[in-house]
Structures are given as structure tokens and as C-alpha cells.
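Just so you know, residue 1 is the first one in the sequence shown, and it goes up from there. One-based numbering, in listed order, for ligands and for the atoms of each. When reading the values below, keep in mind they use all heavy atoms of this one structure, side chains included, and skip hydrogens, waters and symmetry mates.
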Amino acid sequence: MEYCIAPLYVRPWTLNGISARLIESHYEHNYGSALTRLNAVTDELERIDVKRTPAPVISRLKQEQTRLLNSTLLHELYFASLGGDGRAPTEVISMVIARDFGWVDQWRAEVIALAEALGGDAGWILLTYVPRDGRLLNVNTTDHTQSIVGGIPILALDMYEHAYHIEFGANPIAYVAAFMRNIDWPAVEARYRDAIITAPPPALKQPEFGDLPAIAPEDVQAMIASGQPLQLIDTRPRHYTTRGEDIAEGAVWRDPERIEEWIGTLSKEAPVVTFCVYGFHIGCQSAAMLRKAGFDARYMTGGHYAWKALKGPMKLIESQPVTSR
Ligand SMILES: [Fe+2]
């Protein structure tokens, strides 16, 4: 496969405080070099006999290919980020930045802080849309290979010295200010609109439980912290709850196989949350049975291990709860 060169997106003569000479040099020498080396490495990878080539050689070439492809893509985004009147984002982008950063000035201040923190070192600052959370965040990288998995950068600031040194010398912050003056916000908005079409990773589905209400462990912990009444029932199978095992603080263990024996101890005046080991069947079944009996019951997603993964408070089970059979 051959990667084709992208024409320079920005019209260099329209820029305010960034010269055509700087853009031409950047495009020709740095973008061009990344692209031509990317093609050379890709060609080499396509030619090698994988079965006869030492694994470390293949690994090195793949890492180089990743680095060069990212450099190519980021430079194309960088040139496409410039060429507008950077003073004010579009209405849509202003609203989204305000939602995710507090206000546009706070976003700008964060970008400047990230640029200052580089202290002259190379890196990228990327305004990135993360489909998992449906939000924007600034990502700062110190090479071409760090990025957010699944994230879609919609604005790129190149903080490599080659991006500013011939014009701004050792003053990267003046360069950042010039970059800000030239952001093409309508183009950023167009990329944002494309990015938000990307679906988040599919959530765990348990169609067998229909529309059984669920609650996230973070929300359960918040309910407990705020003192809201809650009956938290650990319904892991009995063999998970032997002496010395741990249990979520605030929860009581009840045998899911003997629900009819303990259902009478619950109150219908306060919500009930059940959970099992991972949040699959048993917690759901218990919640479904309790709902059928008229309780305001939900199951906790992710179960015992999600609670632990969140570093929720735990206690040891001192003895097996007694139930009569
Ligand atoms: Fe660059």
C-alpha cells in the first residue's frame, strides 16, 4: 500500500502572524519526510518474509510505521486546523467547549499551560473527542504514538520545534498565541460533527432481563455517602462468601438460592440494590424476583468486582451468614 500525499489544506498567505515560509518548510520537510519514510517502511514490511525475519526486526518496523503514520495524520490535521479567524469558536464549538472545559477561556488557558509544561520539548496538543464518554478533552503527547484509544482529534497543535523555531525562536508561547489567532473553527466544527456520529463502544446487554432497572456502582456509593436509605444485598453464590473473603461495606450477604427465606426481612420503604460477582445473572435474577414481590429493586452493574475496581470500601466476612434450610 502506498500512502498518498495530502495537499496543503491551509492557504499560507491568509495566516496572521505565521509566515508562508514557516508553513512551506513544515509541510515540505517534516510532513513530507514523515510521509515518504512511512511509505518506505510500509514497502519494507510488505517485502519481508515474516517467517524468516527475526521478530524484533518486524516489531521495530511496525513501531516505526505506527509512529510515521501518526505523524503524517497529525500533520494533516495540524494544517487543516489553521486558516481561519481564530478569535471565537463557532456557536456549536463554544457550547461544547463550555460544557467540557467550563468556558472557552479555560480551554485556552489549559492549552497554554500544556504548551508551557513542555518547556521546549516536542509534543502535540490535541483537542480530542472521545466517543465512549461523548466529550472533548485536551490530550498532550510527547511523541507521535500516544493518543486516546478510540479518540478522534479535531484540532492539532504541533509543539515540535520545527513548527515554530525559524519564526518564533525559543518562544513557543508566542507561537501558541499565533496558532490560536489562526484556528479555523468552522473546520473544527465540521470535524466535531463527523466525530459525534461515531458510536461509543457497545454497552453490555442482557436481553434476557428486558428492561430490569440497573444502577451503576458509582451511584450506589454516592447514595451511601449522602446517607440515602438503601438496602444493599450481596447475592453472590454461597461458595464466594466463605470466611475471610471480602464483601462491600454496607452490604449484607444473602443466599440467592433461599430468597424466600430472607425476603421478609426487607423493607418496601427503601430501595433495594442486589449484586452478584460480575453483575451478570444472579444479581439480576434476585432483583427481578424482588420487583415481582413489590420491592423497589435494581441490580448493580459490574457486581462485586466493579465495586472493588472502584476501590469501594470493603470488609471481611467474619462468618458464613446463618440461614436455615
Ligand atoms: Fe511538525
**Study point:** Pair Arg193 + Glu189, salt bridge at N-O below 4.0 Å
**Key:** yes
Check your understanding: With under 30° as parallel and over 60° as perpendicular, where do the rings of Trp124 and Tyr160 fit, or are they tilted in between?
Key -> tilted
**Study point:** Distance-only donor-acceptor check, side chains Gln228 and Ser226, under 3.5 Å
**Key:**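 Present: a donor and an acceptor within the cut-off.
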Check your understanding: Will you find, in the side chains of Gln63 and Ser59, an N or O donor that is under 3.5 Å from an N or O acceptor?
Key ->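 Yes.
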Check your understanding: What atom name does the N, O or S atom of Asp158 nearest to the Fe ion (ligand 1) carry?
Key ->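 The Fe ion (ligand 1) is closest to the Asp158 atom OD2, counting only N, O or S.
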**Study point:** N, O or S atom within His162 nearest to the Fe ion (ligand 1), by name
**Key:**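 So the atom name we want here is NE2.
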Review point. At the Fe ion (ligand 1), what is the angle formed between atom NE2 of His26 and atom NE2 of His75, rounded to the nearest 10°?
Key: 100°
